[in-house]
Amino acid sequence: MSNTLTSVSKNLVHSFSISFVNAILNLSIWVIAPFFISSENLGVAALLLAFAMIGTTLIENSFSSGIMTFNIATVKESLPILYFNLLTQVIYIIILFLIYPFGKSLLPFEIISKFDVILIFTIPLLASFITIYENLNKTKTNFKFISKIEAISGVFSFVSFIFLLQNKKDYSPLLIGVVIKYVITLILYVLLHREHKQKTDTIQIKSKLLFWFGLYILGEKTLTVLASYLDTFLVAQFSGLKSLGVYELFKKIIVRPIIIITNAFENMAMPYLVMHKNNTKEYNQFYQSYISFLLLVCFCFFALLVISIPIILHLLPTEYTSYIDTFYLLILYSATILMLNPIDLLLYSIGKSKIFFFWNISYFLPLVFTLYYAAHFGLNHIIFTYCLMYLLLLFLAESFVLNKNHNVLTKGTFLSLNLRPVIIFVLSLGISLLVNLYLNQNIFLSFVISSIIFLTVFSSFILAEKQMLLQIKSKFFINNTK
């Protein structure tokens with residue numbers, strides 16, 4: 001057991017380190033972009049990438065999930081999944097062409113070239129192959145290998161973006177940079193992936209199981225991804241491309257790093273939770289330490305963002321300074337996403353994708369209608385409505401989904417595990433901001449002082465939580481000699 005935990009510890013540290021590097025690279029791209037690309041063009045790029053990433057997300061998180069669930073070990077065994085991925089891609093392209101007449105009023109198609117359309121379809125096509133290799137390596141817990149590939153492709157994407165900015169001042173460098181990231185990722189997997197040859201005669205049986213297993217996940221992810229990108233289309237429709245450009249820039253600064261960090265943690269946690277789904281004590285102890293550590297890391301990031309808002313807005317072009325309320329709301333929005341997000345991890349880890357599918361169906365339409373109504377009142381109303389809806393879903397998820405359908409997780413812990421990190425975050429940030437009110441310093445010196453105060457108070461509160469620290473240490477940072 002100690003060897004397993006030590007391996008988990010190393011995977012966590014390595015995945016988090018690489019994810020942090022990727023988050024910095026991604027953040028750098030979107031911080032540099034406003035100085036060369038207008039907010040309107042950023043809005044166009046956001047819409048085009050939304051179409052590309054909807055298809056990509058569906059492929060990455062549907063049928064391919066069966067590789068870990070059914071313990072598929074080779075590329076040959078994964079061929080049925082590749083066919084399902086490609087079929088999903090074809091269906092998605094057909095749907096886009098069917099809705100094209102309805103999208104003319106939303107997207108300025110006159111400025112979009114055929115090359116842009118090819119780029120949109122290329123990203124999910126590449127993802128169809130990449131996700132096979134990625135999940136095969138996740139099954140073997142080769143997170144270090146995955147992280148290295150992500151880091152290398154991220155660097156190539158960043159360098160290509162900077163190079164393209166020298167000649168192009170429109171939205172295309174952002175699109176091409178993403179495509180290059182996926183191209184480099186696939187090339188590296190094809191060249192470097194290694195597997196143990198093993199004989200199998202269960203491909204046909206697994207194909208049927210994979211289809212129905214993945215179909216439920218595909219249905220659930222369709223609703224989830226549409227809900228995730230609904231704000232992009234609503235902002236474009238009701239607030240305009242300029243507001244969308246600002247909104248997407250702030251999301252890349254605030255929300256995207258949290259998603260990258262969370263995905264790195266979940267990639268590590270999923271195999272371990274699946275492994276111990278029949279061991280209630282081990283499952284609960286690992287989840288408690290996992291969620292506590294994740295929340296502490298992310299809430300620390302949120303606090304530093306709040307403290308650094310004056311500097312961020314000072315560095316950006318002046319047109320972004322009037323959107324300070326949007327920045328604050330997006331931090332709150334990220335926090336609600338972070339707390340609600342583990343539901344899929346918990347249900348998938350015990351093989352209940354069907355339950356999660358019906359859970360998403362139950363709230364999808366109310367969310368759409370509520371956001372559509374809020375969109376008529378402006379950008380900030382959309383974000384605030386998201387926050388309220390997600391907070392409501394937190395309580396409903398525990399009461400009607402997890403407590404009734406999750407037979408491993410201890411009842412009542414889904415919400416209660418959030419309390420200690422939230423309280424530590426609020427108290428630490430509150431004290432640092434209160435002290436900062438009495439400091440008459442420039443924004444840079446104020447940021448340094450406030451950050452030191454926050455980190456000192458935050459660390460003090462964490463050290464006082466001895467039981468939480470012991471759980472995190474025993475699961476994530478266990479000594480090799482134990």
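Residues that satisfy the side-chain contact (heavy atoms from CB on, under 4.5 Å) test with Ser362, not counting sequence neighbours, are Trp359. With sequence neighbours left out, the ring-ring contact (aromatic ring centres under 6.0 Å, His included) criterion links Tyr320 to no other residue. Here Tyr328 pairs with nothing under the side-chain hydrogen bond (donor to acceptor under 3.5 Å, both in side chains) rule; sequence neighbours left out. Annotation: ring-ring contact (aromatic ring centres under 6.0 Å, His included) contacts of Phe158 (sequence neighbours excluded): none. Scanning for side-chain contact (heavy atoms from CB on, under 4.5 Å) contacts around Ile258 gives Thr262, Cys298, Phe301, Phe302, Leu338, with sequence neighbours left out. Applying the side-chain hydrogen bond (donor to acceptor under 3.5 Å, both in side chains) test to Ser39 and every residue at least two apart in sequence or in another chain returns Glu319. Judged as a side-chain contact (heavy atoms from CB on, under 4.5 Å), and not counting sequence neighbours, the contacts of Phe97 are Ile93, Phe121. The side-chain contact (heavy atoms from CB on, under 4.5 Å) check on Tyr323 picks up Ser243, Val246, Phe250, Thr326, Leu379, with sequence neighbours excluded.
Here the closest non-hydrogen pair linking Glu134 and Ile146 is O-CD1, 3.6 Å. The two residues Leu345 and Tyr290 have their closest heavy-atom pair at CD2-CE2, 3.6 Å. Residues Ser128 and Asn85 approach most closely at O-ND2, 3.2 Å, considering heavy atoms.
Aromatic rings of Phe238 and Phe233 (six-membered ring for Trp) have centroids beyond the 6.0 Å cut-off, not under it.
Side-chain contact, Thr131 with Asn135: a donor N or O sits under 3.5 Å from an acceptor N or O.
Atom CZ of Phe384 is surrounded by 12 or fewer heavy atoms from other residues, nucleotides or ligands within 6.0 Å.
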Taking distance alone, no hydrogens or angles, what donor-acceptor pairs closer than 3.5 Å link side-chain atoms of residues 365-375 to residues at least two apart or in another chain?
unit_1: Thr370; atom_1: OG1; unit_2: Pro366; atom_2: O; d: 2.6

Only distances under 3.5 Å count here; give the side-chain donor-acceptor pairs of residues 391-402 to other protein atoms, sequence neighbours excluded, each with its distance to 0.1 Å.
unit_1: Glu398; atom_1: OE2; unit_2: Phe414; atom_2: N; d: 3.0
unit_1: Glu398; atom_1: OE2; unit_2: Leu415; atom_2: N; d: 3.2
unit_1: Ser399; atom_1: OG; unit_2: Phe395; atom_2: O; d: 3.0

Just distance, no hydrogens or angles: give the donor-acceptor pairs under 3.5 Å from side chains in residues 175-184, sequence neighbours left out.
none

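Residues in residues 244-254 take part in these side chain to side chain donor-acceptor pair (under 3.5 Å) pairs, two or more places apart or across chains: Asp231-Tyr247, Asp231-Lys251, Thr232-Glu248.
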After noting the C-alpha distance and the side-chain angles of Val31 and Ile312, does the key distance pass the side chain to side chain contact (heavy atoms under 4.5 Å, CB included) rule?
CA-CA 9 Å; Val31 169; Ile312 294 174; over 6 Å; no
Verdict with reasoning, Phe129 to Tyr133, per ring-ring contact (aromatic ring centres under 6.0 Å, His included):
CA-CA 7 Å; Phe129 294 87; Tyr133 289 103; 8.4 Å; no
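In this structure, Tyr189 and Phe145 have perpendicular ring planes: the angle between them is above 60°, well past the 30° mark.
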